[in-house]
Structures are given as C-alpha cells and as structure tokens.
Amino acid sequence: MQLRLLLYFYYLLIIGLKFTIGIDLWNKYNKLHKKFSKMLNKQQGSELLFNINEYEYPRANETLRNIHKELWQEYYTCLRKTYNEIGSEKTMYPIALQILEGTFVKLKCQICISPIEIYISDNIEWYFNNAINNETNKLIQESDNKFISPEDRTLMIYNIKSEQAGQYWCKLKDMLSVSYYVSIDTDLKGVKTVYPLTAPNMPHAAAQMIVTEYNLNIHTTWTKWSPCSRCNVVGKKVRYGYCTISSRENLIKKNIITGNKQLQEHKRQNDQNEPTKIATQNQTINESVNKKIRMVLRVFRNKVPCKSKYLPKEVLNIPEIKHRKTEMMMRYCKIMCKQGNIFEVRDKNGNVLESANNSAGVYSMVQGMPALSPPIIRTTVYQKYNEKAILICPGISNTDTPINWKIDNKVLNPFVLKDQSAGRVFINAQMHIIFKSLKFEDTNIYSCWQKDEIMGVIKLNVTGEIELQTNYSIIMIGGMLIIIVFITVFWRAFVGRKRYTIH
C-alpha cells in the first residue's frame, strides 16, 4: 500500500514538472516569435506556427532547429563583440553620454545570455548612482517615464530630468554590464535648430573642428531620427547632435588598422558638408592637462561629451568647445497611416484559427495583456497680464515623437505663429510654447499631440491686476482737513452752550 502511494506521488510529481517546463518553453517561444518571424521574412506578429511540440528534441523539428540556431548565433555574436571591446587589457570601459533635458535616452544592457540561461533573463535589474542626491546602488523601478523592455531588458527613459543624471548599469546575478555615465544638458535656450544639406537656405550643422595644441577632434554625435510626428500629411522628425571630443591619435591608429576606410568615409562626408576648420590656441601646452585628457579619453573609449564634468577646466574653456551649442536637426516627412493591425493565429496549413483587430482594441490571448495607454493629463494655468509664460506638454506617450500643439482642431504652425505675433509667441526646439508677454487674447485651451493622439490639455487663463498707486502727501492733506472739520464742528457745538442748573 505504501509502495503504491509512493508511485502515485512520483507520477504526480513528474506530470507537474512536465507541465511547468511546457509553460516555460511556451513563454520562451512567444518571446522569440518576433525574432523568428524576421528571420523568415514574415510580417511580425501576423502568423503563429503550431507545429511545435515542447517535449520534442530539436533535431526532428526544423522550426525548433531554426530558433535554436538563431539564438546561438546571436549569443556568439554578442560574445565576440564584448571580447573585442574589452581588448587585451580585459577591462570593461564605461560609456559617457550627454542628454538634453526633456528628451529620450535608451540604455542597452550589454550582458550576453546563452539560450540555456534565457529563462533567467527576466532577473536582469538596473541600478543607479547619483552622488549629488546621495543615491547609491539604487534599484531602478519602472515609473511614469522609466521603462524596462521585457525582450532585451533595455532601459528607456522618456522626458528625462536633471535629477536623473548619474551612473547606470545592469546586473544579472554576478554578471555586470558596462556602466553609462549620463549627464543632463539643462541649457534649453542654447539649443540651435539646424536642417539637412537638402535645405540650402537654412542653417546647417556645425563643422568638425581640430584643436592642434591638445590634438583633439571636436565633432557632433547624432542620435537616431525620431518617428514622424503625423501620418497621411506632412509631419516632421528630429534628432539631436551633441558636441563630442576625441583624440586624433587614436583615430589615426584605428584608421591605419582598418585600411583607412573610415578616413576615406570621413573625408567624403566633410566634402559634402562644410570644410574642416582648424582652431589654433595661443596658450602654451600644459603637459599635465594633456595627461588628464588622455586618461579621460582612454577610460571613456575615446569619446567624451564636450560638457562632461570629467574633462579638465582648461579644455572646457576653449572657445571652440565652450561656445559650441547642442543642435537639433529637423526634417519633414510623410508616412501612411496604418489602416488596421490585424493579428492572426494560423495552423501549419495556413488556416486562420483566430484573428484580433488590435487597432480596435481587441487582442488575442496568445498576445498577452497589452500595455495600458498613458492617461490624458489636464491642467489649468493662471498667469498675469504682460508677464512671460511657458507651456510644457503635461502628458507623455512613451515615445520620442515630436509634439504638435493645437487650439481646437487647428494645428499651430511654429513659423506662422512666430510671424503673426511678431516674435512675441513662438515654439522652441523642445516643443514648448513661449509667451514673451501675455495678452488677454492668449487665454485659450491648448492641447498637445503625438502621433495624432492627444497627450495633454492646458487651459491658460490670463488675469488682469489693478495696481493702486499710493500718494502719501494727498493722504496727509486729506487727514488734516478731516481733523480741522471735526474740531470746527466740535467747537461750534460745545463752546456756545449755556449751563443750566436744575433746583
């Protein structure tokens, strides 16, 4: 009897373990489905193959073989890239980044995970250090503007603030990734709007410069283009360029090793843009400063932002570096709106088993729970007449798409707005509405949009104020007249009175 109970318990344990393993494999397959669809040149999320048995060895199933092959190839590619970056010194060098306040930053977790360990990839955590706010080894939790991608654990921060500057790194058990040293540029007024070379009559990006005394190369590091702000009509996309310093010696050595390919490409780009300028400094070369510069550039992979606090003050005070502004390049775009996003589940014969119209808010159980849409934030602002005001979009859509402002259904064109108001009202590079001096006609309801979706609403009320100018001399004269009148009345009322005695 006891032996039967033990066997029965053993069978239940085996069934439970198989069920748990099956669920884990199915979750793993759902995560890898997007990558596998790209590999087979299929529409992402449009088809799901049901010819996979989670208990089957990959050798007998070509679908599983392709998935496993793709996973191991990505893993070995990641390892090769990591080994090349650490070099012969076996050192992981940090990355220095400069981000404009209110923009978007994306930090990739550079930890290579083998397919065997893919089940524990969700255990990757991000940490943050900020010496100014005494925040050390702080675990990053997702919030309104911080998100961690469930696929590759990439940290994404939207509408970044100045207090979020510091050191970021990800960790998986005892494995650490490279650190990111993020500095926030709060000089919003110093942002220069530029345009591509296809716009000949507009301002263009600053040219590369060379400081011969310190053997430094000053250039611009550009972010990726943002998505188009609108669809079916002409919209705009932007990218930001940050001043960057690198050593010319390392660049020359690297170009020699690679057969001067990068040097030729750099020369071709310079021929298309403005010619390279050489900045000559009249000061004597300070050997100690050069040592500091070489050390900083070596630590940060020969790429440091011009406004980095780790650079010597002598370098920061160089006019070509001190006066170089952060640039925002803008270009126009036009894309087609999505007619409908239909998710279909098919069997191995191509028959549709289930379809869900994601555009209408309908999702399949296979897709899992969709992400919640950000709430529309509404606020009311009261400002005094003839004072300065700034309207900032209160909402966030978790995307770096440019913002469009509307009054009712009318889109505010920055050029038309600035021209009609004679420069009194304009939209700056950060998509903020700036009022140099408020008028009563500015009272209105302003809405901000991203990808034709409303993000926030601001009701602006311009209030008047009556100032009473006090003239103390008039008050004193008036007070004296009142006292004289009171004394006169009192004198006439009581001085001429006769006293009567009642007997």
Side-chain angles (χ1 to χ4, degrees), residues 95-107 145 156-166 168 180-197 199 202-211 216-227 229 236-246 269-270 273-274 276-277 279 296-297 300-313 315-332 390 392-393 396 399-403 414 418 426-434:
I95 300 175
L97 297 175
Q98 178 182 336
I99 307 298
L100 186 67
E101 186 178 17
T103 58
F104 163 76
V105 64
K106 185 177 181 180
L107 305 179
N145 69 329
M156 295 171 288
I157 305 178
Y158 298 90
N159 195 21
I160 191 167
K161 304 297 182 183
S162 58
E163 59 268 17
Q164 293 176 319
Y168 293 83
Y180 296 91
Y181 287 83
V182 179
S183 59
I184 307 300
D185 185 4
T186 58
D187 185 15
L188 302 182
K189 296 181 180 179
V191 179
K192 180 182 178 182
T193 303
V194 297
Y195 296 84
L197 296 177
M202 303 299 288
H204 298 151
Q208 175 181 312
M209 304 185 72
I210 296 173
V211 180
L216 296 177
N217 181 30
I218 306 173
H219 57 96
T220 302
T221 300
W222 292 97
T223 62
K224 293 183 178 180
W225 285 104
S226 69
S229 60
K236 59 184 177 182
K237 56 172 60 176
V238 298
R239 64 173 180 171
Y240 295 91
Y242 300 100
C243 175
T244 307
I245 298 175
S246 58
Q269 292 180 358
N270 283 342
N273 296 288
E274 300 179 10
T276 302
K277 301 178 182 178
V296 172
L297 292 176
F300 290 105
R301 306 184 185 185
N302 194 34
K303 193 175 182 182
V304 180
C306 295
K307 298 182 179 181
S308 175
K309 63 180 181 180
Y310 303 104
L311 289 172
K313 293 182 179 180
V315 176
L316 298 177
N317 291 330
I318 296 176
E320 287 73 20
I321 296 177
K322 184 177 181 179
H323 301 300
R324 193 176 180 111
K325 298 182 178 181
T326 300
E327 297 174 330
M328 185 193 74
M329 182 173 289
M330 182 184 301
R331 65 181 300 181
Y332 296 102
I390 301 176
I392 301 176
C393 183
I396 182 172
T399 178
D400 57 340
T401 307
I403 294 174
K418 186 175 182 180
F426 62 94
I427 300 177
N428 64 1
Q430 290 73 40
M431 291 79 178
H432 303 160
I433 302 181
I434 310 296

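We count residues from 1, following the sequence as given.
For the side chain to side chain contact (heavy atoms under 4.5 Å, CB included) with Ile99, the qualifying choice from Ile160, Thr223, Thr326, Ile157 is Ile160, the only one to do so.
In this structure the side chain of Pro414 reaches within 4.5 angstrom of the side chain of Lys236, judged on heavy atoms. Considering only heavy atoms from C-beta on, Leu297 comes within 4.5 Å of Leu216 through its side chain. Arg324 is listed as a side-chain neighbour of Thr220, based on a closest heavy-atom distance under 4.5 Å. Using a 4.5 Å cut-off on side-chain heavy atoms (C-beta onward), Leu97 and Leu107 make contact. By the 4.5 Å heavy-atom criterion applied to side chains, Gln98 and Ser308 are not counted as neighbours.
Counting only distance, with no hydrogens or angles, the side chain of His204 and the backbone of Ala199 share a donor-acceptor pair below 3.5 Å. The backbone N or O of Leu100 lies less than 3.5 Å from a partner atom in the side chain of Tyr242, making a donor-acceptor pair. Between the side chain of Ser246 and the backbone N or O of Ile218, no donor-acceptor pair lies under 3.5 Å.
Residues meeting the side-chain hydrogen bond (donor to acceptor under 3.5 Å, both in side chains) test with Thr221, sequence neighbours left out: Thr244. With sequence neighbours left out, Lys307 forms a salt bridge (Lys or Arg N to Asp or Glu O under 4.0 Å) with Asp185.
For the atom pair NZ (Lys237) and NZ (Lys224), the distance works out to 12.5 Å, reported to the nearest 0.5 Å. The line from NZ of Lys325 to SG of Cys243 is 13.5 Å long, rounded to the nearest 0.5 Å. Rounded to the nearest 0.5 Å, atoms CD1 (Ile390) and CD1 (Ile434) are 4.0 Å apart. Note that the CZ atom of Arg239 and the CE atom of Met329 stand 5.0 Å from one another [nearest 0.5 Å].
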### Message
Could you go through Met431 and Cys393, starting from their C-alpha distance and side-chain angles, then the distance that decides it, and tell me whether this counts as side chain to side chain contact (heavy atoms under 4.5 Å, CB included)?
### Response
CA-CA 8 Å; Met431 291 79 178; Cys393 183; over 6 Å; no
### Task
Using the side chain to side chain contact (heavy atoms under 4.5 Å, CB included) rule, take Lys161 and Ile184 through it: C-alpha gap first, then chi angles, then the decisive distance, then the call.
CA-CA 7 Å; Lys161 304 297 182 183; Ile184 307 300; over 6 Å; no
### Message
Walk me through whether Cys306 and Ile245 qualify under side chain to side chain contact (heavy atoms under 4.5 Å, CB included).
### Response
CA-CA 6 Å; Cys306 295; Ile245 298 175; 3.6 Å; yes
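Ser226 and Pro402 make their closest contact through OG-CD, 3.4 Å (heavy atoms, listed as atom of the first residue, atom of the second, distance). Closest approach of Ala165 to Ser183, counting heavy atoms only: CB-CA, 4.3 Å. Minimum heavy-atom separation, Met330 to Tyr195: O-CD2, 3.3 Å. The minimum heavy-atom distance between Lys322 and Leu316, with the atom names listed, is CB-O, 3.4 Å. Of all non-hydrogen atoms in Val191 and Asp187, the two that sit nearest each other are CG2-O, 3.8 Å. The nearest pair of heavy atoms linking Tyr240 to Met328 is CE2-CG, 3.6 Å.
Ring pair Tyr181/Tyr310 is perpendicular by interplanar angle, where above 60° counts as perpendicular and below 30° as parallel.
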